[in-house]
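Order of the sequence lines fixes the chain letters, A, B, ..., with proteins taken first and strands second; residue numbering starts at 1 for each chain.
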Protein chains: 4
Amino acid sequence: MRRDGAENRERILLAAEHVFGTGGAAASTEEIARQAKVGVATVFRHFPTKQDLIEATAVRYLQKLEEQLRLLIDEADPGRAFVSLVQTLVSTGATKMTLLNLLHTDGQGLSEPVTAAVHTFYDAIQQVLERAQAAGAARPDATVQDVSVLVRALAHVVPLVADAAVDRAVKIVLDGLGATG
Amino acid sequence: MRRDGAENRERILLAAEHVFGTGGAAASTEEIARQAKVGVATVFRHFPTKQDLIEATAVRYLQKLEEQLRLLIDEADPGRAFVSLVQTLVSTGATKMTLLNLLHTDGQGLSEPVTAAVHTFYDAIQQVLERAQAAGAARPDATVQDVSVLVRALAHVVPLVADAAVDRAVKIVLDGLGATG
Amino acid sequence: MRRDGAENRERILLAAEHVFGTGGAAASTEEIARQAKVGVATVFRHFPTKQDLIEATAVRYLQKLEEQLRLLIDEADPGRAFVSLVQTLVSTGATKMTLLNLLHTDGQGLSEPVTAAVHTFYDAIQQVLERAQAAGAARPDATVQDVSVLVRALAHVVPLVADAAVDRAVKIVLDGLGATG
Amino acid sequence: MRRDGAENRERILLAAEHVFGTGGAAASTEEIARQAKVGVATVFRHFPTKQDLIEATAVRYLQKLEEQLRLLIDEADPGRAFVSLVQTLVSTGATKMTLLNLLHTDGQGLSEPVTAAVHTFYDAIQQVLERAQAAGAARPDATVQDVSVLVRALAHVVPLVADAAVDRAVKIVLDGLGATG
DNA sequence: AATGAATGAGCTTTCATTCAT
DNA sequence: AATGAATGAAAGCTCATTCAT
């Protein structure tokens with residue numbers, strides 16, 4: 001029965017990622033259960049609270065993003081890598097960034113696993129950033145936090161305005177970051 | 001009983017601005033009524049739909065912002081004015097910018113008064129921006145939309161991170177915008 | 001100021017008759033006030049309770065019906081008069097009969113003026129009926145109550161089925177009543 | 001947990017039949033839930049809309065009536081069967097016929113199951129009627145619709161007047177229908 | 001005497017969460 | 001371990017009725 005449990009957990013997280021992305025905060029647990037083809041109670045067995053589900057989904061999402069980032073670390077052109085990082089984070093973060101918002105709904109109280117995931121995530125960013133800075137392809141005084149804040153800001157705005165407008169905004173921010181990729 | 005009505009309407013809008021800012025979309029009409037020291041029904045008498053209340057609050061908020069912006073148009077240093085504009089919009093927009101999101105919840109369907117308010121608001125931005133561009137204190141190809149998008153993006157992030165981090169992000173964006181104030 | 005009062009009372013009753021007829025029980029006092037071009041409070045000054053308004057409207061309606069009935073008493077052909085009575089009551093009672101239902105909402109508790117109006121109303125029916133019976137144009141053992149019950153029954157059904165179907169039903173009932181008009 | 005669900009559904013429908021019968025359109029879902037000893041939400045799980053509940057109750061009621069009617073089809077005396085049909089429909093239809101009215105509240109839009117139930121119901125009436133007509137125990141030109149309309153009319157009036165008065169009215173209608181049972 | 005605003009109770013409906021099977 | 005049913009709390013909204021002007 002261990003396999004069933006794991007499979008269900010997986011399906012739930014997948015459904016949650018999709019539903020939270022699409023519907024935002026309005027998403028109901030029952031809708032997630034339906035998409036995961038599971039009973040509601042099963043969702044609550046795996047994630048006792050909705051907040052728990054949100055956090056788990058967020059963690060999973062951060063981990064997937066981080067994987068993509070790791071690929072950039074080995075790219076030949078450090079400047080290009082940095083530009084890609086920002087663009088990737090903004091575009092993929094788009095719909096899913098709602099998740100991070102939900103986390104802040106209660107004010108704070110992020111659980112340890114989440115902070116850990118955020119930490120690891122930031123670490124990946126740092127490596128790309130530092131390589132770019134070493135190559136003169138990014139403003140020397142830029143910090144990981146700067147990148148993170150700017151990316152989150154831009155991501156928030158993606159669902160609200162036209163793609164072209166987002167692209168222009170990203171370009172301006174990249175200029176501000178001294179990115180030459 | 002005209003006075004009572006006006007006073008209540010005022011108190012409701014004030015409460016709404018506060019509650020929508022703080023709690024975001026999750027804000028309940030009942031909470032607003034409570035803070036305005038009014039029965040729920042009174043809120044619904046003044047604003048038949050929750051959407052109506054949201055729109056009215058947003059309009060009021062935009063108008064207040066616009067007033068502040070008009071002051072900047074007459075400032076001596078155009079570059080300084082532009083920098084102030086961005087800083088003001090981000091900081092004041094901070095908690096309240098949730099309102100603008102709510103407006104986009106439906107995708108569109110904004111009522112005429114709201115679009116009018118947005119229009120006037122954009123117009124004020126344009127004047128400050130153009131004056132700065134003429135003085136070489138802002139990137140020549142920057143548009144009102146660019147400014148608007150960036151400001152909204154930053155505003156979204158204000159409640160989520162420390163003030164110092166926001167200041168740094170704003171600075172980087174201003175650099176990207178070629179602002180020399 | 002006496003005239004204003006009387007005029008308003010009149011307009012309110014008129015509006016009430018229309019609204020109760022059209023919308024049935026779902027009718028709101030505010031809607032009635034609106035149609036009467038009066039404030040809600042004015043309605044409540046004249047009729048302290050909604051039930052009071054309903055009763056007053058019903059009384060007025062009964063009186064108007066009774067007037068029409070009185071005309072039939074003097075008609076030449078007693079049989080024809082009786083048939084007309086039934087037809088008139090069913091068709092005019094149609095939309096307005098909702099009122100009589102509303103009266104029974106509480107189960108009982110009809111106020112004295114209402115019972116009085118009903119009494120007078122029944123009296124008019126009785127005269128037409130007796131004249132028809134004397135002329136052999138109505139079943140001898142039929143009572144006022146029989147007519148009243150049957151008419152109310154048919155009136156209830158008017159808004160629910162096609163006119164032709166009602167006509168057929170009325171005819172059958174008239175046959176049952178031995179009406180030869 | 002299938003049994004609990006079925007039991008509850010049953011209790012809800014029973015309560016609904018009672019409450020809708022008694023209180024008419026004014027009946028609240030909450031009252032029904034209370035009488036069924038169930039939470040309101042449970043009612044809405046079984047019947048997503050109030051209209052759904054009304055329709056389900058009506059269907060159930062029609063089915064029960066129809067069953068009784070089927071028994072009459074096999075009765076020895078066709079005339080007696082027809083008389084019984086009318087009497088049964090009027091007396092049992094009494095309080096519950098409010099339901100059919102509620103269905104017409106929206107004008108129409110009856111869902112398919114309801115129209116199906118009505119159809120079957122009418123079919124049962126037709127069989128009894130035709131057998132009576134063949135035996136010369138019912139007016140030859142009477143149609144199912146005539147019977148239906150008259151019965152509905154009488155049923156409406158049952159809760160409003162004394163039983164004896166209803167009996168007299170039924171007798172007159174039966175005479176009109178040429179029923180000799 | 002008349003009004004429009006205010007109100008509290010109530011209605012339908014949804015949701016996160018818990019039980020019984 | 002998994003499920004569907006049950007639930008209480010709350011949300012948006014309406015209505016008969018009462019006040020302040």
Side-chain angles (χ1 to χ4, degrees), chain A residues 1-6 8-9 26-34 37-53, chain B residues 1-9 12 26-33 36-53, chain C residues 1-9 26-34 37-53, chain D residues 1-9 12 26-33 37-53:
Chain A
M1 281 289 150
R2 190 112 102 271
R3 185 131 112 223
D4 283 27
N8 275 349
R9 202 189 134 93
S28 83
T29 309
E30 219 140 67
E31 175 61 23
I32 292 170
R34 210 173 301 131
K37 303 201 184 243
V38 184
V40 221
T42 305
V43 176
F44 278 90
R45 166 170 297 279
H46 285 287
F47 310 96
T49 299
K50 190 176 192 183
Q51 186 68 11
D52 291 336
L53 174 56
Chain B
M1 191 160 285
R2 192 115 100 271
R3 188 134 106 218
D4 285 30
E7 271 177 31
N8 274 348
R9 202 190 135 93
I12 291 169
S28 83
T29 308
E30 227 145 50
E31 174 63 22
I32 292 170
K37 307 214 180 230
V38 182
V40 217
T42 303
V43 176
F44 279 94
R45 165 169 289 275
H46 286 286
F47 309 97
T49 300
K50 189 176 191 182
Q51 187 67 15
D52 289 338
L53 175 56
Chain C
M1 281 287 150
R2 191 113 103 268
R3 185 131 112 224
D4 283 28
E7 271 178 31
N8 275 349
R9 201 189 135 93
S28 83
T29 309
E30 219 140 68
E31 174 62 23
I32 292 169
R34 211 174 300 131
K37 306 207 182 238
V38 185
V40 220
T42 304
V43 176
F44 278 91
R45 166 168 296 277
H46 286 286
F47 309 96
T49 299
K50 190 177 192 182
Q51 186 68 13
D52 291 336
L53 175 56
Chain D
M1 191 159 285
R2 191 113 102 269
R3 189 137 103 218
D4 285 30
E7 272 178 31
N8 274 348
R9 202 190 135 94
I12 290 169
S28 82
T29 308
E30 228 146 49
E31 176 60 24
I32 292 170
K37 306 213 182 229
V38 182
V40 217
T42 303
V43 176
F44 279 92
R45 164 168 291 276
H46 286 286
F47 310 97
T49 299
K50 189 178 190 179
Q51 187 67 14
D52 289 338
L53 175 55

* **Value in whole Å for how far the P atom of dC11(E) lies from CD of E30(D)** => 5 Å
* At under 4.0 Å between heavy atoms, what does V38(C) touch on the DNA or RNA strands: base, sugar-phosphate, or nothing? -> sugar-phosphate
* Asked: Looking at the side chain of V40(A), which of dA16(F), dT17(E), dA5(E) is the nearest nucleotide?
  -> dT17(E)
* Asked: Which nucleotide in the set dC11(E), dG12(F), dT17(E) lies at the smallest distance from any side-chain heavy atom of S28(D)?
  -> dC11(E)
* Asked: Counting only Watson-Crick or G-U wobble pairs whose two distances fall under 3.5 Å, which nucleotide matches dG4(F)?
  -> dC19(E)
* Nucleotide nearest F44(B) (side chain, heavy atoms from C-beta), chosen from dT7(E), dG12(F), dT12(E) -> dG12(F)
* Structure fact -> Heavy-atom nearest pair, A33(A) first then V43(A), reads CB-CG2, 3.8 Å
* To do: Measure the distance from NZ on K37(B) to C1' on dG8(E) and round it to the nearest whole Å.
  => 18 Å
* Structure fact -> Of all heavy-atom pairs linking V38(B) and A36(B), the shortest is CG2-O, 3.0 Å
* To do: Tell me whether the OP1 or OP2 atom of dA2(E) has a side-chain N or O from N8(C) closer than 4.0 Å.
  => yes
* Round to the nearest Å and state the distance from E7(D) atom CD to dA20(E) atom P. => 14 Å
* A41(B), nearest nucleotide to its side chain (from dA16(E), dC15(F), dT14(E)) -> dC15(F)
* Measure from CD on Q51(A) to C1' on dT17(E) and round the result to the nearest Å. => 15 Å
* Taking side chain as C-beta onward, heavy atoms only, is F47(B) less than 4.5 Å from I12(B)? -> yes
* Measure the CD1-CG distance between I32(B) and L53(B) for me, rounded to the nearest 0.5 Å. => 5.0 Å
* To do: With DNA chain E as reference, determine whether R45(C) or T29(D) sits nearer its 5' end, using the nearest nucleotide of each.
  => R45(C)
* Structure fact -> When rounded to whole Å, the CZ to C1' distance for the pair F47(C) and dA2(E) reads 15 Å
* Rounded interatomic separation in angstrom, taking CG from D52(A) and C1' from dT17(E) -> 12 Å
* Asked: Could you state the CD1-C1' distance from I32(B) to dC13(F), rounded to the nearest angstrom?
  -> 14 Å
* Asked: Taking for each residue the nucleotide of DNA chain F bearing the nearest heavy atom, is the 5' side occupied by H46(A) or by T42(D)?
  -> H46(A)
* Asked: Over how many whole Å does the gap from R9(C) atom CZ to dA1(E) atom C1' extend?
  -> 15 Å
* Asked: Within the side chain of S28(D), is there an N or O that forms a donor-acceptor pair under 3.5 Å with the backbone of E31(D)?
  -> yes
